[in-house]
Amino acid sequence: MKIYILIGYLIILLYATACAFFAPSNIGPLAGLAIGAGYFIFFWFLAGVYLADVLHLGIAHRSLDFRPWFVKAVTLANNIFGIYVGPVEWVNRHRLHHKYSDREGDPNKLDQDGFWRTLYLCMFPYACTENLARDEILQSRTFRLCSSNLFMAATQVFNFSLLWFIVGDAKFAAAMWIGMRIFALWVNMVQNYWTHTREFGYRRYDDETDNAMNIGEWFPVTATFSACLQNNHHHYPNLLRLSHSESEYDFGFLTIRAMKSLGLVAATKKGTVLPRDVPLSSLGF
Ligand SMILES: [Zn+2]
């Protein structure tokens, strides 16, 4: 088993054990496990829609056009109730990451950065040296509010307190709250470390300018909403899907198609340009 998969499953196993162990007696271990699973799945899915679909393909790359009310609702819901990720900073860092992939100027990771250094950088990235996030929607009240430090501190205290109030036990709430964030850190490491280190995954395109790799197993693809298909994505960053072959499983694209059927998103012109060397007969959107 690949090391990144093993670590991911271990985190889930520890999370499940902690939920069962710390569940108060009036809830019991089985119901504790069920509550923990519900919390985990709901906030993983919300964070995936927010980061991988809305912020990444919708705003950072402009491959998709989400309805503005949906963009704002998802941004507020995720950052108030779930795992906080400052939207304006994230978009800027991500654009710099594409511009300077794996070299000076990339806030996520430099070529020589190893596992522990990248883990540290997931929490405290390199300073951004340019501002590439001047989009109109990023200047809106919702985005300016969600990007403030005060908002971050207040919402994280609020959503932990709310969870504590709902389940009625501080240790049980802390097990879920902290466990969820450790899993989020693993998701971040799949994107920033394991798919940007040449020893892991595979390459479709032999790009010399970066270390982007594709990791295609079911578990990391599902967990990251397909953001681990980095070699495909860095080669054609504007394409609205990250899988470049029908044989590549693409969970993120499934969620985008589901949102399209609900009328929440449409493709932009540049998102639908299918380059000739991408082995897809059609975009499938
Ligand atoms: Zn990208």
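Side-chain atoms are counted along with the backbone in the values below, which use heavy atoms only and exclude waters and symmetry mates. We number each residue from 1, following the sequence as shown. Start at 1 and go down the list; that is how both ligands and their atoms are numbered.
Any protein N/O/S atom under 2.8 Å from the Zn ion (ligand 1) was counted, giving 5 altogether.
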Check: Between D277 and Y236, is a side chain to side chain donor-acceptor pair (under 3.5 Å) present by the stated rule, with each step listed?
Finding: CA-CA 11 Å; D277 58 340; Y236 289 123; 2.5 Å; yes
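The neighbour count for F21 CZ, taken as heavy atoms of other residues, nucleotides or ligands under 6.0 Å away, does not exceed 12.
Annotation: cation-pi pair K2/F200 absent, no NZ/CZ under 6.0 Å from the ring centroid and within 45° of its normal.
Among residues two or more places apart in sequence or in another chain, the ring pair (Phe, Tyr, Trp, His ring centres under 6.0 Å) test is passed with F143 by none.
Using a 4.5 Å cut-off between side-chain heavy atoms of Ile, Leu, Val, Met, Phe, Trp and Tyr, L110 falls into a hydrophobic cluster with L121, Y126.
Judged as a ring-ring contact (aromatic ring centres under 6.0 Å, His included), the pairs with a partner in residues 250-282 (not counting sequence neighbours) are, in order, W44-F251, F225-F251.
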